[in-house]
2 protein chains.
Amino acid sequence: MSSAPAGDALLALYPILTELTARARQRLQARAQLVQVPAGTTVFDERQACQGFPFVIAGSIRVVKAAPNGRELPLYRVTPGETCIISSACLLGQAPYNARGVTEADTTLLVVPTDDFQALLGEQAFRDFVFQLFSERIADLMQLIEEVAFRKLDQRLAALLLGKGQRLHITHQQLADELGSVREIVSRLLKGLAEQGLVALSREQVEILDPAGLRRLAGA
Amino acid sequence: MSSAPAGDALLALYPILTELTARARQRLQARAQLVQVPAGTTVFDERQACQGFPFVIAGSIRVVKAAPNGRELPLYRVTPGETCIISSACLLGQAPYNARGVTEADTTLLVVPTDDFQALLGEQAFRDFVFQLFSERIADLMQLIEEVAFRKLDQRLAALLLGKGQRLHITHQQLADELGSVREIVSRLLKGLAEQGLVALSREQVEILDPAGLRRLAGA
DNA sequence: GGGCGTCTGTAACCTTGGTTACAGAGCTGG
DNA sequence: CCAGCTCTGTAACCAAGGTTACAGACGCCC
């Protein structure tokens with residue numbers, strides 16, 4: 001847990017932090033905790049109090065809303081260089097978490113205690129950075145609300161398939177998880193897409209044959 | 001459009017502003033625009049650029065996500081003393097609006113230009129205020145996502161009926177609008193609730209007979 | 001009182017998505 | 001090679017919610 005290399009990685013990933021005052025940077029180095037968590041760990045969950053603000057150094061956190069019946073709806077991911085809007089909101093509002101965060105891979109976090117986070121916010125540069133991420137994530141959430149409230153699943157699936165290259169190596173189950181749905185439905189819909197000539201299917205693979213067609217479907 | 005009375009009302013509604021530095025307050029007074037809008041006006045809409053930050057002095061703004069087919073899902077309301085998270089997010093991220101704002105009643109706004117809003121954020125007191133509202137609204141949005149993604153309509157209806165007193169003067173259509181659904185379904189569900197003895201129905205009125213039962217239904 | 005607009009009740013029907021229940025395909029390690 | 005695993009295909013059935021189409025109720029104004 002040497003803080004110097006962590007500090008280097010931190011500054012590389014969050015260049016905004018180089019604009020902090022020397023004092024703030026020292027405080028960060030002194031107080032922040034470097035934490036290693038294996039893949040699949042729940043790092044926070046609904047109703048928990050927020051213990052600190054996480055910078056993601058390596059790995060990623062998948063933030064989901066969990067249904068009573070066990071299904072999950074992904075809200076967003078936090079990857080190195082980003083911040084977690086829900087953690088910010090909980091710290092700022094002194095409210096408990098209202099979603100769950102699970103590591104997708106082995107993950108390294110630098111956790112900043114609550115009051116140090118508040119102090120960081122006093123710095124113009126950091127504040128702008130947090131606000132910026134905030135506003136991006138709000139836009140994402142609005143997009144998500146629009147999707148779950150108004151879009152049909154085939155449209156959401158089409159959108160999900162786009163922008164990831166021409167061949168996706170992924171199982172139907174994983175696609176279903178991304179959509180908050182179930183495997184059988186995704187299989188059924190993929191079959192439909194294949195019949196329209198939009199994709200070609202094989203084991204653990206989806207090949208995009210007609211991106212424009214998919215886009216049309218997704219946008220409709 | 002005299003700014004003095006507007007200023008008084010503003011300070012009464014947003015007491016946090018009394019903690020601003022004199023300079024910031026003067027700037028506010030000098031630059032902010034007092035605007036009157038009648039009920040039913042669309043004050044901002046999807047894809048529009050954000051022109052300024054609105055303080056609500058009187059009236060209220062209903063912020064909704066509009067579906068392609070014309071239906072609307074209410075996200076939240078902005079009443080006097082509150083702020084609009086989407087406006088903040090758009091200003092901060094220099095992104096266009098991603099929702100629609102419609103006045104519910106005749107409404108008085110004090111609109112602060114973009115760069116003055118940015119300047120205001122430099123003030124600790126105002127920043128804390130905006131952050132605070134931010135975090136509350138995020139929590140609301142998370143709640144909303146949970147509801148539209150996981151809850152059945154009867155549960156959402158039950159929740160909607162609670163906490164508004166014992167007799168609600170409201171039409172089925174208005175309830176449907178709040179839920180982003182349609183009148184027929186709300187009528188059907190209300191009938192169900194009435195048959196369970198939870199409510200009693202009459203023209204433009206819903207009487208809550210069994211609040212505990214409704215809560216149980218809503219929470220399930 | 002009669003006409004009109006709003007509000008409510010309700011039935012038939014449809015679409016979407018989820019559930020249940022298997023069967024078979026393909027890989028992998030012993 | 002074959003036992004067992006994961007992944008896929010698929011059919012039957014179901015529940016929720018939306019759509020369409022009316023009919024009657026109530027209130028109001030002329």
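Letters go in sequence order (proteins before strands), and every chain restarts at 1. Note that the structure is predicted; figures quoted are calculated from it, not measured.
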Could you walk me through whether Phe131(A) and Phe131(B) pass ring-ring contact (aromatic ring centres under 6.0 Å, His included), step by step? CA-CA 9 Å; Phe131(A) 269 141; Phe131(B) 270 142; 4.4 Å; yes
Answer with base, sugar-phosphate or nothing: what part of the nucleic acid does Glu184(B) contact at a heavy-atom distance below 4.0 Å?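 The answer is base, as Glu184(B) lies within the cut-off (heavy atoms under 4.0 Å) of a base atom.
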Using a 4.0 Å heavy-atom cut-off, does Arg71(B) contact any base of the nucleic acid, only the sugar-phosphate backbone, or nothing at all?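 The answer is sugar-phosphate, as Arg71(B) gets under 4.0 Å only of primed atoms, P, OP1 or OP2.
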Base of [N] paired with side chain of [X] (donor-acceptor, under 3.5 Å):
{"X": "Arg203(B)", "N": "dT6(C)", "answer": "yes"}
{"X": "Arg188(A)", "N": "dG18(C)", "answer": "yes"}
{"X": "Arg183(A)", "N": "dG18(C)", "answer": "no"}

Would you please say whether a donor-acceptor pair under 3.5 Å links the side chains of [X] and [Y]?
{"X": "Asp128(A)", "Y": "Gln132(A)", "answer": "no"}
{"X": "Glu82(B)", "Y": "Thr79(B)", "answer": "yes"}
{"X": "Tyr97(B)", "Y": "Ser87(B)", "answer": "yes"}

Could you give the [atom1]-to-[atom2] distance, from [X] to [N], as a whole number of Å?
{"X": "His172(B)", "N": "dT8(C)", "atom1": "NE2", "atom2": "P", "result": "4 Å"}
{"X": "Leu189(B)", "N": "dG17(D)", "atom1": "CG", "atom2": "P", "result": "7 Å"}
{"X": "Ile185(B)", "N": "dT8(C)", "atom1": "CD1", "atom2": "C1'", "result": "14 Å"}
{"X": "Gln173(A)", "N": "dG9(D)", "atom1": "CD", "atom2": "C1'", "result": "15 Å"}
{"X": "Leu168(B)", "N": "dC7(C)", "atom1": "CG", "atom2": "C1'", "result": "16 Å"}
{"X": "Arg151(A)", "N": "dG17(C)", "atom1": "CZ", "atom2": "P", "result": "13 Å"}
{"X": "Leu73(B)", "N": "dG18(D)", "atom1": "CG", "atom2": "P", "result": "11 Å"}
{"X": "Gln155(A)", "N": "dT16(C)", "atom1": "CD", "atom2": "P", "result": "10 Å"}

Would you say Ser181(A) places a side-chain N or O within less than 4.0 Å of OP1 or OP2 belonging to dG18(C)?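 Answer yes for this pair, as a side-chain N or O of Ser181(A) is under 4.0 Å from OP1 or OP2.
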Distance below 4.0 Å between Lys191(A) side-chain N/O and dG9(D) OP1 or OP2: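 Indeed not, no polar side-chain atom of Lys191(A) lies that close.
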Candidate nucleotides dT8(C), dT10(D), dG17(C), ranked by approach to the side chain of Thr171(B) - the nearest: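 The listed nucleotide nearest to Thr171(B)'s side chain is dT8(C).
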Can you name the one residue among Lys65(A), Arg71(A), Arg100(A) that meets salt bridge (Lys or Arg N to Asp or Glu O under 4.0 Å) with Glu146(B)?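 Testing Glu146(B) for a salt bridge (Lys or Arg N to Asp or Glu O under 4.0 Å) against Lys65(A), Arg71(A), Arg100(A) leaves exactly one candidate, Lys65(A).
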